[in-house]
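Whatever order the structure lists ligands and atoms in, that order sets their numbers, starting from 1.
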Amino acid sequence: MKAFGVDIGGSGIKGAPVDLVRGDLAEERHKLLTPHPAAPAAVVDTVCEVVGHFGHRGPVGITFPGVVVDGHTLTAANVDEGWVGLDATDHFEQALGLPVALLNDADAAGVAEMAFGAGRDRGGVVITLTFGTGIGSALFVDGVLVPNTELGHLELDGHEAEKRASSAAREKHDLSWPKWAERVDAYLAHVEMLFSPQLVIIGGGVSRKADKFLPHLKRRRAEIVPAQLQNNAGIVGAAMAAAKLG
Ligand code: BGC
């Protein structure tokens with residue numbers, strides 16, 4: 001069975017048909033640059049281009065890097081403010097002429113990891129954290145998602161955690177991997193204190209470079225592992241949401 005997923009990220013908007021049995025892309029993904037400013041109309045156009053590239057008809061799952069409730073986008077930490085309060089699902093559906101399932105980007109990545117990756121068959125409290133332009137989070141209790149947890153905005157050393165410990169922060173402040181790992185460590189300690197997860201899955205682009213920072217993280221009660229679907233987790237999770245539309 002196939003479904004279609006699009007992942008809206010800080011730097012790229014990428015999409016592909018997804019094989020929902022294997023939990024992997026069915027074709028090579030198509031990626032376009034995220035427009036700047038990432039205002040709704042420009043982003044919707046780019047998503048249409050990505051979907052159009054495959055001539056796809058049928059439901060489309062789309063991730064958004066902010067809170068999504070009842071199809072509306074409610075926050076926009078790393079995108080244009082025009083998204084706040086928007087019935088974004090309706091905008092995408094009108095432009096695409098297709099049914100759309102919209103969900104938070106980290107939630108999508110987490111859902112995919114739970115089904116096909118590092119969280120497979122794992123019960124209890126599991127948290128996926130994605131380190132990219134911001135820090136995204138997906139909280140699962142016995143495999144069930146608690147959506148929109150937004151743990152990237154927890155306070156860390158008097159600042160928003162994602163401003164200190166995201167992948168973008170590592171680049172912006174030119175931090176070595178061990179120095180960045182120190183910040184991630186402080187952040188993980190805080191998350192662990194609040195939620196006592198059994199498993200923490202580290203996703204986002206950095207999951208490909210796990211060997212550079214995982215060895216520098218302190219041992220914790222929670223098991224800490226890199227994501228397995230890496231950069232495609234968002235697309236796969238989005239496609240899973242689309243498949244639910246029937
Ligand atoms: C947003 C989250 C998002 C994360 C990763 C944060 O700034 O508030 O909704 O999941 O970035 O993109």
Side-chain angles (χ1 to χ4, degrees), residues 5-15 31 33-40 43 46-47 61-86 88-89 92 101-114 119 126-140 145-156 159-172 180 183-184 187-188 190-191 194-195 200-208 226-227 229-238 240-241:
V6 179
D7 192 22
I8 300 177
S11 57
I13 296 182
K14 49 208 187 204
K31 177 174 172 177
L33 290 180
T34 304
H36 284 288
V43 170
T46 309
V47 168
I62 303 175
T63 76
F64 178 76
V67 172
V68 181
V69 177
D70 285 337
H72 291 62
T73 45
L74 301 189
T75 66
N78 294 306
V79 281
D80 186 83
E81 290 221 333
W83 289 95
V84 177
L86 194 72
T89 305
F92 282 117
L102 190 69
L103 73 169
N104 172 263
D105 56 355
D107 284 345
V111 162
E113 287 294 329
M114 293 304 281
V126 177
I127 299 181
T128 295
L129 296 171
T130 61
F131 292 81
T133 308
I135 297 178
S137 61
L139 172 67
F140 295 85
L145 172 70
V146 181
N148 295 309
T149 42
E150 293 291 319
L151 302 186
H153 300 287
L154 287 175
E155 191 181 309
L156 184 64
H159 300 270
E160 258 186 312
E162 71 173 20
K163 298 271 185 289
R164 303 264 309 153
S166 65
S167 200
R170 186 182 66 79
E171 284 161 24
K172 186 171 167 202
W180 181 68
R183 293 182 177 194
V184 174
Y187 176 61
L188 290 176
H190 195 47
V191 169
L194 290 171
F195 297 99
V200 177
I201 302 170
I202 308 281
V206 288
S207 55
R208 268 177 297 152
L229 281 78
Q230 301 185 342
N231 252 351
N232 291 332
I235 298 177
V236 173
M240 289 170 68

Item to check | Full working for side chain to side chain contact (heavy atoms under 4.5 Å, CB included) between I127 and I201 | outcome: CA-CA 6 Å; I127 299 181; I201 302 170; over 6 Å; no

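- Annotation: T75 places no N or O atom under 3.5 Å from an N or O atom of ligand 1; distance criterion only.
- In this structure, Y187 has no ring pair (Phe, Tyr, Trp, His ring centres under 6.0 Å) partners at least two apart in sequence or on a different chain.
- The E162 neighbourhood of ligand 1 comprises atoms 6 (C), 7 (O), 11 (O), with distances under 4.0 Å to a heavy atom of that residue.
- What you find for A108 and G234 is that their closest heavy atoms are CB-O, 3.9 Å.
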Checklist entry - Can you list the steps and then say if T34 with S11 is a side chain to side chain donor-acceptor pair (under 3.5 Å)? => result CA-CA 5 Å; T34 304; S11 57; 5.8 Å; no

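- Looking at ligand 1, you'll find an N or O of N78 within less than 3.5 Å of one of its N or O atoms.
- In this structure, I135 is part of the shell of residues with a heavy atom less than 4.0 angstrom from ligand 1.
- Heavy-atom proximity to G136, at under 4.0 Å, picks out these atoms of ligand 1: 4 (C), 5 (C), 10 (O).
- Against a heavy-atom cut-off of under 4.0 Å, G66 is close to the following atoms of ligand 1: 9 (O).
- Those atoms of ligand 1 with a heavy atom of N104 less than 4.0 angstrom away are 2 (C), 3 (C), 9 (O), 10 (O).
- For atom 5 (C) of ligand 1, the closest heavy atom belonging to the protein is D105 OD2, 3.4 Å.
- Closest to atom 2 (C) of ligand 1 among all protein heavy atoms lies E150 OE2, 3.2 Å.
- Between H72 and L86, the closest side-chain pair of non-hydrogen atoms is not below 4.5 Å.
- In terms of heavy-atom proximity, A88 sits nearest to L102 at CB-CD2, 3.6 Å.
- T63 pairs with exactly one of D105, N104, D107, D7 by the side-chain hydrogen bond (donor to acceptor under 3.5 Å, both in side chains) rule, that one being D7.
- Per-residue contacts place H153 under 4.0 angstrom from the following atoms of ligand 1 (heavy atoms of the residue considered): 1 (C), 6 (C), 7 (O), 8 (O).
- Of the heavy atoms in P65, both backbone and side-chain atoms come closer than 4.0 Å to ligand 1.
- Considering both main-chain and side-chain atoms, T130 never comes within under 3.5 Å of ligand 1 through any nitrogen or oxygen pair.
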Next on the checklist: Show, in sequence, the C-alpha distance, side-chain angles and deciding distance for T73 and T75, and conclude whether the side chain to side chain contact (heavy atoms under 4.5 Å, CB included) test is met.
Outcome noted: CA-CA 6 Å; T73 45; T75 66; over 6 Å; no

